[in-house]
Structure formats: C-alpha cells, structure tokens
Amino acid sequence: MPATIVVGAQWGDEGKGRVVDWLAREADVVARYNGGDNAGHTVIAQGHTLKLHLIPSGILHPAINCIGAGVVVNPERMLQEMDELARAGVDVGPGRLKLSAAAHIILSTHRALDGAREAVRGGTAIGTTGRGIGPAYADKAARVNLRAGEMVDAERFAERVAQQVEMHNRLLTGIYGAEGLPVDETAAAYREYATRLAPYLGNVSAIVGEALDAGQTVLCEGAQGLLLDLDHGTYPYVTSSSTIAGGALTGLGFGPGRVSRVLGVVKAYTTRVGAGPFPTELSGETGARIRDVGAEFGTTTGRPRRCGWLDAPILRHAVRVNGLTELAVTKLDVLSGLERLKVAVAYERDGERATHFPAEAGMAALADWRPVYEELPGWTEDISGVRRREDLPAAAREYVARIEAWAGAPVTFIGVGPEREQAIL
Ligand code: GDP
Ligand code: IMO
Ligand code: MG
C-alpha cells in the first residue's frame, strides 16, 4: 500500500492526532515529518488521554512510530514524553520508536532565544509556543545546528553542545540583553539525553522506503496546519517548518509517486492560537460559546484559542496547496445548538472577488480583503452518539455536503466527539 499523508487544513489543532490514531489501526509505519514539541496532538482511546508533542499519534497501535528528518527535537521533552507513555503502559522501546539521525536538535538556548526574540518584537510578537522552534530551524538553515545522529557519541555531543551554548550566549547577552545559560551544566544534561536516546536513532527514510517497497502502509503525520506553513501560510505569523503535504516528502525522504491519499483535517469552525490575521474571528458571545463547548485551549501552552466561523476559501487553498484527496471534518458536535451558522464563502476587495484565501498577498494586503458570508441553518440535536451520516439532523448533513462542495473534495470522516469511536466513517 502506498503512503497516506495527514495534514492540518487551517491554523493547527484541527484534530490531526485523533484522525492519525484512527488511521494507524491499519498502518505499518507512522511517521511525524515536521515541527517539534510546539505541536500538541490529543488521542483519547483505550482509557488513555494522550497529549502527544513529539511522539507520533500511532503509538497506541503496533505500527513502528518514526520521527523524521524534518522534525526538530528537544531531547529532554522527548524523554519526558516517553517516560509518561511508559508509565501509562505504552511500549516506547527502541524496537517501535525510531528517531531519524538527520532530525535537528533543540537546545535550551534555542528556547531562551525564542523568548528573547519575542520580547524584542513587542507588539508584533508572533505568540510562539516558546519551544525554541524558530531559532532551531534558523540554525538548521544556517548550517550550524546539531543533528540527532551526533548523539551516538555522547562525549563528543556534549562538547558540541557546549560550543553551541557559548555561541547562543553571546547572542542572548550581546544582542538581546538577556541572561545566558550555564555552559557546563547544559552540556552535562545533553550528555545524559544522548546516552538515553542513542538506541532510538535510525534511518527513517530507509524505514519508510523499505515499508513502501514491501507493500506496507505508511501514514505520515503533519504538525500544525496550512496557514502556519513557512511558505504558504500567513507569514510572518507562521511556524518555521513545511506543514503542508510536500513537507512529508522532504521531512521523511521519499518520492511523490508513492503518495495515494492526502487527507486534510478540518475543524467544523476555525481556531487559531497566537497572533496574526484571522478574518472570520468571532470576538463576542458566539466565539466564547464555541471556545467553552469545544474546550478550545491550547494542548501545548494552555492558551485560549481564538475561535471563528468556517472559512471556505481556506479549504480551497488547502486542497490546492496540499493536493487533498479527502477531508476529515472534526468537532461537528460543537456546533450543535447554534441557531444560525455563518461560513465565509469568498473574499472581496473593492468589488474584486477571490475564492481562494489571499495568503500570498501579505499581511498588509490581506487586511483589505473582507470575508463574504453565507448563512446556514443550525441544528439543536446532540449528535455525539450518531455513527452514520444519514442519521445526522438534516441541517448538519447539509453543512457537511456544503463543505464538500466548497472544497471540491469528499468528506470521509466526521468527528462528533473527542473519543476514538465518536466518529462517522
Ligand atoms: P491536533 O493538534 O490537530 O492533533 O488537535 P488537538 O489535539 O490540539 O486539538 C483538538 C482537540 O479537539 C482535542 O482536545 C481533541 O480531543 C478534540 N477533538 C478532536 N475531534 C473532536 C470531535 O470530533 N469532537 C470534539 N468535541 N472534540 C474533538
Ligand atoms: P498542532 O500540531 C496550533 C502556532 C503558535 C504561534 C505560531 C508560531 O498541535 O496543530 P512556534 O512555536 O511554532 O514558533 O509558533 O504557530 N503553533 C500552533 N498553533 N497548533 C499547533 O500545532 C501549533 N504549533 C505552533 O501558537 O502562533
Ligand atoms: Mg494541537
């Protein structure tokens, strides 16, 4: 079986974790391809509530779970997550968890730099997760960063960490007027992490390639979402990696001909954490209601998520940029009880109409575009127990059908509650 890619089609937190958990039943390999512990993927199944940041969301299934070259890894956080999973009785041994030797390392000084850069930005801060993501990817692109493979020699790795920390300290104290971090202590901590993580190192591109050659099923898990993509999102209010389907190819190391399905995960409304444009944002009572009912608080930082109406031009942008073959619509249950639903169906500027989200226009130009709304009737029924599409209230069925029409892609999964089984397939 060829590869399936699961991507977020909005600003992240669409429910990728639960969709990957569902699809991973049939997967031989599940592989994360981008981002770091800025991600927070929730899986609720088998009596567990997992908040996964680095470990792929297939970890409750027998599949081999891989972290690819495109990921930036904070070794301390990875070990913490592995320890938590092990305490919950989940097997996270080196036989089924693999870390690409080509993945990049996040140092504690990257986190400090993340905070220092945000502080300097002041009112134009991005609202990052503070996990050191931007500074680590910046060092990767500048070709000065450490890679996971260097952990095979813990002594040498610690020396290299010390050099990096010294370099970062010069930036922190000299440019940002912030405190540096203790060099020897940090190097010693990373020596320990290296010793523990070395057995997990592997060639993820080869694992994925050999699985595909053998006719096995590979499931690629994206973090974040389309509009947080470094190239195709709402720059500069984005993350620093390729969140889109193309990121799976570069982040894992396989070719486009191997992909048969690209599944875009879409929340039935829209949310965003952090700063940046959000044209359909609801600032009043309806937004607050969606936040409460949908429990829209960040998995990683606990910040309240900004909530708004569904935006069809974003879905079309997602279908085009990712080549989506299908959609998974999550959290449809959260809309129950709203009398009328609004959906942005296009954008308008001075009489000009756009049916795709004008993300390329840049932030200043985007501010000139206004969403054009269509109103649809809501439904009052509790739908969390519904398991067949035809059993949904007519208005909910119509809402899903309209999503298919706006996006031009079929909906193959509908989430009606957070638990694994609360879905219409
Ligand atoms: P991810 O980052 O895309 O994996 O999404 P998150 O896990 O950060 O956020 C999605 C949240 O919505 C989590 O708390 C999930 O448990 C929850 N969730 C996912 N699907 C559904 C659904 O269909 N209905 C409801 N009510 N909650 C859902
Ligand atoms: P998952 O995988 C939602 C947002 C941050 C901030 C911006 C940049 O759970 O969908 P960063 O720390 O990456 O430099 O922050 O991106 N962000 C996310 N928002 N879901 C995520 O991941 C996110 N990861 C980063 O809030 O606005
Ligand atoms: Mg999340």
For [X] and [Y], work out which heavy atoms get closest and say how close.
{"X": "Cys66", "Y": "Ile207", "answer": "SG-CG2, 4.1 Å"}
{"X": "Thr330", "Y": "Lys267", "answer": "OG1-CA, 3.5 Å"}
{"X": "Arg397", "Y": "Leu392", "answer": "NH1-O, 2.8 Å"}
{"X": "Ala24", "Y": "Val30", "answer": "CB-CG2, 3.9 Å"}
{"X": "Tyr373", "Y": "Ala344", "answer": "CD2-N, 3.6 Å"}
{"X": "Ser240", "Y": "Leu230", "answer": "O-CD2, 3.5 Å"}

Can you find a heavy atom in the side chain of [X] that is under 4.5 Å from one in the side chain of [Y]?
{"X": "Leu227", "Y": "Gln10", "answer": "no"}
{"X": "Cys220", "Y": "Phe254", "answer": "yes"}
{"X": "Thr280", "Y": "Lys342", "answer": "no"}
{"X": "Ser108", "Y": "Tyr190", "answer": "yes"}
{"X": "Ile5", "Y": "Glu221", "answer": "no"}

With no hydrogens and no angle check, just 3.5 Å: does a side-chain donor-acceptor pair link [X] and [Y]?
{"X": "Glu296", "Y": "Tyr269", "result": "yes"}
{"X": "Thr301", "Y": "Arg303", "result": "yes"}
{"X": "Ser205", "Y": "Asn203", "result": "no"}
{"X": "Tyr347", "Y": "Asp311", "result": "yes"}

[X] [atom1] to [Y] [atom2] distance, which is reported to the nearest 0.5 Å:
{"X": "His41", "Y": "Arg32", "atom1": "NE2", "atom2": "CZ", "answer": "5.5 Å"}
{"X": "Leu107", "Y": "Asp139", "atom1": "CG", "atom2": "CG", "answer": "8.0 Å"}
{"X": "Ile59", "Y": "Asn65", "atom1": "CD1", "atom2": "CG", "answer": "4.0 Å"}
{"X": "Leu366", "Y": "Tyr235", "atom1": "CG", "atom2": "OH", "answer": "16.0 Å"}

Given side-chain contact (heavy atoms from CB on, under 4.5 Å), test Arg316 with Arg320 step by step and report yes or no. CA-CA 6 Å; Arg316 281 191 283 268; Arg320 172 162 46 79; over 6 Å; no
Run through [options] and flag the one making a side chain to side chain donor-acceptor pair (under 3.5 Å) with [X].
{"X": "Gln224", "options": "Asp13, Asn38, Thr239, Asp229", "value": "Asn38"}
{"X": "Asp37", "options": "His53, Gln80, Arg77", "value": "Arg77"}
{"X": "Asp391", "options": "Arg389, Arg388, Arg387", "value": "Arg388"}

Which of parallel (below 30°), tilted (30 to 60°) and perpendicular (above 60°) describes Trp11 and Phe357? perpendicular
Relative to the ring of Trp406, is the ring of Tyr399 parallel (under 30°), tilted (30 to 60°) or perpendicular (over 60°)? perpendicular
Mind checking what makes side-chain hydrogen bond (donor to acceptor under 3.5 Å, both in side chains) contact with Gln46, not counting sequence neighbours?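 For Gln46, no residue satisfies side-chain hydrogen bond (donor to acceptor under 3.5 Å, both in side chains) once neighbours in sequence are set aside.
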Begin with the C-alpha distance, continue with both residues' side-chain angles, and end with the deciding distance and a verdict on side-chain contact (heavy atoms from CB on, under 4.5 Å) for Ile244 and Asp231. CA-CA 9 Å; Ile244 59 170; Asp231 296 298; over 6 Å; no
Review item, side-chain donor-acceptor pairs of residues 409-425, under 3.5 Å, at least two apart:
| unit_1 | atom_1 | unit_2 | atom_2 | d |
| --- | --- | --- | --- | --- |
| Thr412 | OG1 | Glu326 | OE1 | 2.7 |
| Arg420 | NE | Asp21 | OD2 | 2.7 |
| Arg420 | NH2 | Asp21 | OD1 | 2.8 |
| Arg420 | NH2 | His61 | NE2 | 3.3 |
| Gln422 | OE1 | Glu419 | N | 3.2 |

Working for side-chain contact (heavy atoms from CB on, under 4.5 Å), residues Leu226 and His317: CA-CA 8 Å; Leu226 166 71; His317 187 53; 3.2 Å; yes
Does NZ or CZ of Arg25 come closer than 6.0 Å to the centre of the six-membered ring of Trp22, within 45° of the ring's axis? yes
Are the charged groups of Arg306 and Glu281 less than 4.0 angstrom apart, N to O? yes
Is the closest basic N to carboxylate O distance between Glu150 and Arg147 below 4.0 Å?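 So Glu150 does not pair with Arg147 through a salt bridge.
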Could you walk me through whether Glu285 and Arg289 pass salt bridge (charged side-chain N to carboxylate O under 4.0 Å, His left out), step by step? CA-CA 6 Å; Glu285 216 174 274; Arg289 182 186 183 283; over 6 Å; no
Give the C-alpha distance, both sets of side-chain angles, the deciding distance and a yes or no for side-chain contact (heavy atoms from CB on, under 4.5 Å) between Ile403 and Leu310. CA-CA 9 Å; Ile403 289 176; Leu310 186 69; 3.7 Å; yes
